[in-house]
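What follows is a single structure, written as structure tokens, with notes after it.
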There are 2 protein chains.
Amino acid sequence: MSLAEDRTKPGAGTLYKTIRQDIERRILTGEWPPGHRIPFEHEIMEHYGCSRMTVNKALSELAQADLIERRRRAGSFVRRPQFLSAVLKIPDIRAEIGALGRAYGYELISSVRRAANASDRERLGVKKPCKVIAIRCRHSADNVPFAIEDRLIDLDAVPDAAKANFKIDPPGSWLLHHVPWTEAEHAISAIVADDAIADGLHIAVGAPCLVIERHTWRQGQPLTAVRLVYPGEQHRLVARFRGSE
Amino acid sequence: MSLAEDRTKPGAGTLYKTIRQDIERRILTGEWPPGHRIPFEHEIMEHYGCSRMTVNKALSELAQADLIERRRRAGSFVRRPQFLSAVLKIPDIRAEIGALGRAYGYELISSVRRAANASDRERLGVKKPCKVIAIRCRHSADNVPFAIEDRLIDLDAVPDAAKANFKIDPPGSWLLHHVPWTEAEHAISAIVADDAIADGLHIAVGAPCLVIERHTWRQGQPLTAVRLVYPGEQHRLVARFRGSE
DNA sequence: ACGGGCGATATGTCTATACATAAACTCAGC
DNA sequence: GCTGAGTTTATGTATAGACATATCGCCCGT
């Protein structure tokens, strides 16, 4: 029996959203556990009495949201929930502080160009010898230290970085505007301030700090590795999101 | 002039992906800044010599990824980048530890049912008087403390919670399987362990801890507020993601 | 038993078309 | 000048059909 006639009453609104939410609910409640094969587009389309494009739109969105995985010929499958997946969209500290309505300050502490040593190579994840720029700098908001940045840039992957003026431009901003990336990884952890950090952030030794380490790649090639240290009790990473309405 | 013939050569693959990436590139490089109106579907479709549905698919995906905002009659606009947006998908600590291949342990420390006091109401974000359950519990992996959880559940919003057995089921797991949510907010910060936390996590007083505070709503109604404290140097939130290929 | 080829099948993309809907704009009437 | 009704317009949803493409599984020949 077709369910097309029900379409008139539910508050859901549109058909493909109804389909998407029906499936989403079954996944989130565990009725369809990870690995479960979702009915074929063909079957769903008969069940709702609609065309395949409509079903396809619903499933495509679920796939974009990583809730399901679609495999040609095999069907669509519920994905394992992504435990501990934290996605940060922090393109640019300068812009971030600006968005908070505070005055941005930037200070280059050191910038060294050198052949990558073993620890540089390990941090970037490169095997071959290469040249790097190692940068240490400080961001501030309204003249209060906001974050300490420690960055390595692979000069073989980003040769233009040799020409950039990091005395003026924060390296993060410069990279964002000049170098496209395809993959990134973030790791968030907590540490206590040692002498150097306490000094740089104007906080007490032993105070908690939030650390974000980000690695960025282009087509699998490492571009840059950065470690940002924030005063932990003043700074919070906040995100609000929807369960796809 | 139509660009349809170029479709044969680029490695990009499909047309709608080409369109999406072309637009994405212009946004990420700042060529089209926030607020910029991107060409109408009509114009894009003529530019690439394709049908509107193809353009629509590209734009819909950009909208789903929050890169653009679409307004009827007005057009599509580049959104402000979301500074400091951290999206955590951590449905369930129990499942998370299981996925790591470690033995999950759970221990209810206290569970109190009471009328919400002022601080409860503020934490949940409710105005009216209501009943709540306050739960404190501990999660462990291979018998090592993994996280301390402190949770409030609004009993008016989730009456079924009164019947749940939190001596056996972790409240997070129970809620995930019984209560659908529509919005959530995460805040990540760092603290140092006080006596209670040090005791609960078996770490030293003054050791760094990662704190995740999550609020969950259904259609704007607060459901639960939870604070998870992790040992900071052992625990890392890790996420890898793609710039939409 | 093993591997290559081939057909069946489910998803992936694309088109041309149609109608719905929200919002911005126009303009008449007060 | 202001208000409200009607028009225009861009997006939103849905359709039927077509062809592309990856791949699973079967069968056949060695």
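Numbers restart at 1 for each chain; the letters A, B, ... are given by sequence-line order, proteins then strands.
- The distance from atom CE of B:M45 to atom C1' of C:dT15 is 10 Å, rounded to the nearest whole Å.
- Nucleotide C:dG12 holds its P atom 13 Å from the CD atom of A:Q64, rounded to whole Å.
- Below the 3.5 angstrom threshold, one finds a donor paired with an acceptor across the side chain of A:R52 and the base of C:dG12.
- A donor-acceptor pair is defined here as one N or O able to donate and one able to accept, closer than 3.5 Å; no such pair exists between the side chain of A:R26 and the backbone of A:W32.
- Remark: P of D:dT23 and CD of A:E69 are 11 Å apart, rounded to the nearest angstrom.
- Within 6.0 Å of the NE2 atom in B:H42, the count of heavy atoms belonging to other residues, nucleotides or ligands does not exceed 12.
- The residues A:R70 and A:E41 are annotated as salt-bridged, a charged nitrogen and a carboxylate oxygen being separated by less than 4.0 angstrom.
- In this view, B:R102 and B:D142 satisfy the salt bridge (charged side-chain N to carboxylate O under 4.0 Å, His left out) rule, not counting sequence neighbours.
- For B:R37, the salt bridge (charged side-chain N to carboxylate O under 4.0 Å, His left out) criterion is met by B:E43, not counting sequence neighbours.
- Counting distance only, with no hydrogens placed and no angle test, the side-chain atoms of B:R72 and the base atoms of C:dA24 include no donor-acceptor pair under 3.5 Å.
- Across the protein-nucleic acid pair, B:K17 atom NZ and D:dT21 atom C1' stand 12 Å apart, rounded to whole Å.
- For DNA chain C, the neighbouring residues in residues 54-63 of chain B, judged by any heavy atom under 4.0 Å, are B:T54, B:K57.
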Please evaluate residues A:D120 and A:R123 with respect to the criterion salt bridge (Lys or Arg N to Asp or Glu O under 4.0 Å), reporting the C-alpha separation (whole Å), side-chain torsions for both, the decisive distance (0.1 Å), and the verdict.
CA-CA 5 Å; A:D120 292 343; A:R123 195 170 150 206; 5.7 Å; no

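- Of the side-chain N and O atoms in A:R71, none sit less than 4.0 angstrom from OP1 or OP2 of C:dA10.
- Distance A:Y48 OH to D:dT13 C1': 17 Å, rounded to the nearest Å.
- Put simply, CD on B:E46 is 15 Å from C1' on C:dA16, counting in whole angstrom units.
- Between A:R37 atom CZ and C:dA10 atom P the separation is 8 Å, expressed in whole Å.
- Distance A:L15 CG to D:dT13 C1': 9 Å, rounded to the nearest Å.
- Remark on DNA chain C: of its neighbouring residues A:M53 and A:R73, the 5'-side contact belongs to A:R73, judged by nearest-heavy-atom nucleotide.
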With side chain to side chain donor-acceptor pair (under 3.5 Å) as the test, would you mind laying out the steps for A:D169 and A:S173 before giving the verdict?
CA-CA 7 Å; A:D169 278 324; A:S173 306; over 6 Å; no

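- Comparing A:Y16 and B:I38 against DNA chain D, the residue whose closest nucleotide sits nearer the 5' end is B:I38.
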